[in-house]
Asks: 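Quick one: this structure, given as structure tokens, is what I'll be asking you about.
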There are 2 protein chains.
Amino acid sequence: MRPTLQDVATAVGVSRSTVSNAYCRPDQLSAALRTRILDTARQLGYPGPNPTARSLRRGFAGAIGVLFTSQLSYAFTDPFAVRFLAGVAEAAERHGTSLLLVPLPTGATQARAAVENAAVDGFCVYCAADEDWALDVIRGRGLPFVTTAPPADDDAGAERYVGIDERAAARSVADHLVGLGHRRVALLADTVLPEAPPGPLRLAGADAARHPTTRGRLAGFADALGAVGVDWPDITLLNATGNSRAAGAEAVAGLFAGDDPPTAVLAASDVLALGALDALGERAATVSVTGFDDVAEAAAAGLTTVRQPAEEKGRIAAELLLDPPADDAAGKLLLPTELVVRTSTRPAPRS
Amino acid sequence: MRPTLQDVATAVGVSRSTVSNAYCRPDQLSAALRTRILDTARQLGYPGPNPTARSLRRGFAGAIGVLFTSQLSYAFTDPFAVRFLAGVAEAAERHGTSLLLVPLPTGATQARAAVENAAVDGFCVYCAADEDWALDVIRGRGLPFVTTAPPADDDAGAERYVGIDERAAARSVADHLVGLGHRRVALLADTVLPEAPPGPLRLAGADAARHPTTRGRLAGFADALGAVGVDWPDITLLNATGNSRAAGAEAVAGLFAGDDPPTAVLAASDVLALGALDALGERAATVSVTGFDDVAEAAAAGLTTVRQPAEEKGRIAAELLLDPPADDAAGKLLLPTELVVRTSTRPAPRS
DNA sequence: TTGAAAGCGCTACCAA
DNA sequence: TTGGTAGCGCTTTCAA
């Protein structure tokens, strides 16, 4: 049996409180006694106060939870998510707080349970204004949380978030393409509808997309095209079955075989855009492609994209959680984005 | 005040045990009573059993700790570490276990405390055969752990690890380079000695390097060179101040300005190798460079390297922890590696 | 099918 | 400076 604090107390011949003080309030006892206690503890093989018992008693866990909409192991394949996480880690590090990454099982009940059972003091919820159930569970637990997007309904009062203006940002790349004369354009996004197959997809409008981030970006793309008279029904929408390079390539495959193919592809993420470039191969020299996020690979590939501050988003999210601003409005942040023009976009060919 | 299980019990007019059963042993009470309890709980706003209290009582945390030698936020900038983490996450996901990422503060005492206070059932210790103190703390707590390298001292009995044969793997790239006729070679590694400045560094031998992984790789490089009569004192060793592209570039800068520069650079990681290529610029066409790990960027850069299975390493580490093999030897794994020859290596120029 | 009792290991208050 | 007391919120025997 592993010795407990009580065992140490008995061995030294003092009370539990004193042993406890030896560990967490050195100033509450004489140095001599403290040394004696710590020595005895070492001899007995007492590993120090049990973290769980301490958490229970103290009333906090010393960790914050991080929730990803997608499978956790997928999150690590998404360069933007990883940079977000790096930012969160940086803030947590400074605060001496640990990070609990909670995988969400597929079943609804089990996923709920995972959030209910996380021993944390709060949550960073990545990219999930959509996962209302998770936010409900967190609220139910009375825990603070920060999301990476404004709440879908504005009635949700005093929430905290750090996001970007998805729609305006998307519009900025789309405007760039439109300015280059592109009119026949394909939009590329992932998991537009839950079970949609890869490739062209009919959708009533940007609003019909499943994921709020996707909705915002598609709407921004559509805004720019609408401004020059290209309306939603005339825009090709391509669905990718995941936010990965391979899925991006798959979604685009075959599109350029038909006649009158698009002159440009507006992707909802860099990863998808890079996949599109993969699929285009030689044709990439004539078709314009844009991304979103400005991940590291984008620069190397010469991808025109919208930069959003990834690490900063994570850092701020964690800070908002770890020391909440007194001012309510200060907890609602939209970070700036920036259009980054590289070589993957060029004037539309005269037709 | 947040309601507790007791409050629900009182409200329904049953005992705490029954409410507890309603949550974790549905078969122990009638469906009707259970429904009544759950409904009342909802009305009262009871969020379900407190995870910490449950952990204390049940005696396990439902999470495994992940420890990185370097700063946690740095780990996310290292593509190999991220892939390792993805593997760990995959296994954890399947097991319904969370991942506690524990940042290690700089102070020795505080770093110890961080490991002591982690509410976890075991640890995956990434790349830290060196961090003996951490392993000691973990052992002291009586927790199981898995490392990514064999223990430095073999007397450490029943440990579990999943690593590679660093020395043999390193020798395989170095042999390739030697086979191409290279004799004037620079080795590039990071943090060879704790406070060493960037650039050329005198070292008594590969064994003198601080980090065990680095020791293994440098030794492997030296083996191959030694076999053709190039001995340690004649090998240039370059120190990088971190495992990053920038640090790799910095370490190499200036090396090729002198006369009789090396014809090849053997780097201890892909990231460093890519940095070296950055620094070489045009000269990269004449100098051969090799990496280690085979991260995603390596392929795009045409980097000759040694591939090791990153995700698998993580996955296996977590599995070794989550369901330990009965057989002791089955917990000690060296995974295969593979030399991947690309375009960054070519025959040495005749001099 | 339900309940009473007995802690899990610790910390914080207050009194000595 | 030290110790006693009183729980933190829960689960799990075991007996009814």
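For clarity, every value in this text was computed on a predicted model and none was experimentally measured. Residue numbers begin at 1 in each chain, while the letters A, B, ... track the order of the sequences.
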Asks: B:Arg34 has an atom CZ; how far is it from atom P of C:dT2, in whole Å?
Replies: 13 Å
Asks: So A:Ser30, base contact, sugar-phosphate only, or nothing? Heavy-atom distance under 4.0 Å.
Replies: sugar-phosphate
Asks: Can you measure B:Leu56 atom CG to C:dC8 atom C1' for me and round it to whole angstrom units?
Replies: 4 Å
Asks: Nearest-Å distance, CZ (B:Arg54) to C1' (D:dC10)?
Replies: 9 Å
Asks: Would you kindly give the CZ-to-C1' distance between B:Arg58 and D:dT12, to the nearest whole Å?
Replies: 11 Å
Asks: Taking the side chain of B:Val14 as heavy atoms from C-beta outward, which of C:dG3, C:dG7, D:dT12 is closest to it?
Replies: C:dG3
Asks: Using whole Å, what does the distance between atom C1' of nucleotide D:dT12 and atom CZ of B:Arg16 come to?
Replies: 12 Å
Asks: Determine whether a donor-acceptor pair (one donor, one acceptor, N or O, separation below 3.5 Å) exists between the side chain of A:Ser17 and the base of D:dG4.
Replies: yes
Asks: Assign each of B:Asp27 and A:Pro3 to its nearest nucleotide of DNA chain C by heavy atoms, then name whichever residue's nucleotide is nearer the 5' end.
Replies: B:Asp27
Asks: So B:Phe80 and B:Tyr126, would you call those rings parallel, tilted or perpendicular, with 30° and 60° as cut-offs?
Replies: tilted
Asks: Nearest whole angstrom, please: distance from the P of C:dA16 to the CG of A:Leu29.
Replies: 21 Å
Asks: For the residue pair A:Phe68 and A:Phe84, categorise the inter-ring angle as parallel (less than 30°), tilted (30 to 60°) or perpendicular (more than 60°).
Replies: perpendicular
Asks: Under 4.0 angstrom, heavy atoms only, what part of the nucleic acid is A:Arg25 near: base, sugar-phosphate, or nothing?
Replies: sugar-phosphate
Asks: What nucleic acid atoms does B:Tyr46 come within less than 4.0 Å of, heavy atoms only: base, sugar-phosphate, or nothing?
Replies: sugar-phosphate
Asks: Given C:dG3, is OP1 or OP2 found less than 4.0 Å from the side-chain N or O atoms of B:Thr18?
Replies: yes
Asks: Any donor and acceptor pair, going by atom type alone, linking the side chain of B:Asp121 with main-chain N or O of B:Gly62 inside 3.5 Å?
Replies: yes
Asks: Under 4.0 angstrom, heavy atoms only, what part of the nucleic acid is A:Thr4 near: base, sugar-phosphate, or nothing?
Replies: sugar-phosphate
Asks: Indicate whether OP1 or OP2 belonging to C:dG3 is found under 4.0 Å from a side-chain N or O atom of B:Ser15.
Replies: yes
Asks: CG of B:Asn50 versus P of D:dG7: gap in Å, rounded?
Replies: 18 Å
Asks: Rounded to the nearest Å, what distance is computed from the CG atom of residue A:Leu5 to the P atom of nucleotide D:dG7?
Replies: 20 Å
Asks: Given B:Glu319, which partner from the list B:Arg160, B:Lys313, B:Arg94 fulfils the salt bridge (Lys or Arg N to Asp or Glu O under 4.0 Å) test?
Replies: B:Arg94
Asks: Does any non-hydrogen side-chain atom of B:Leu104 lie less than 4.5 Å from one of B:Leu72?
Replies: no
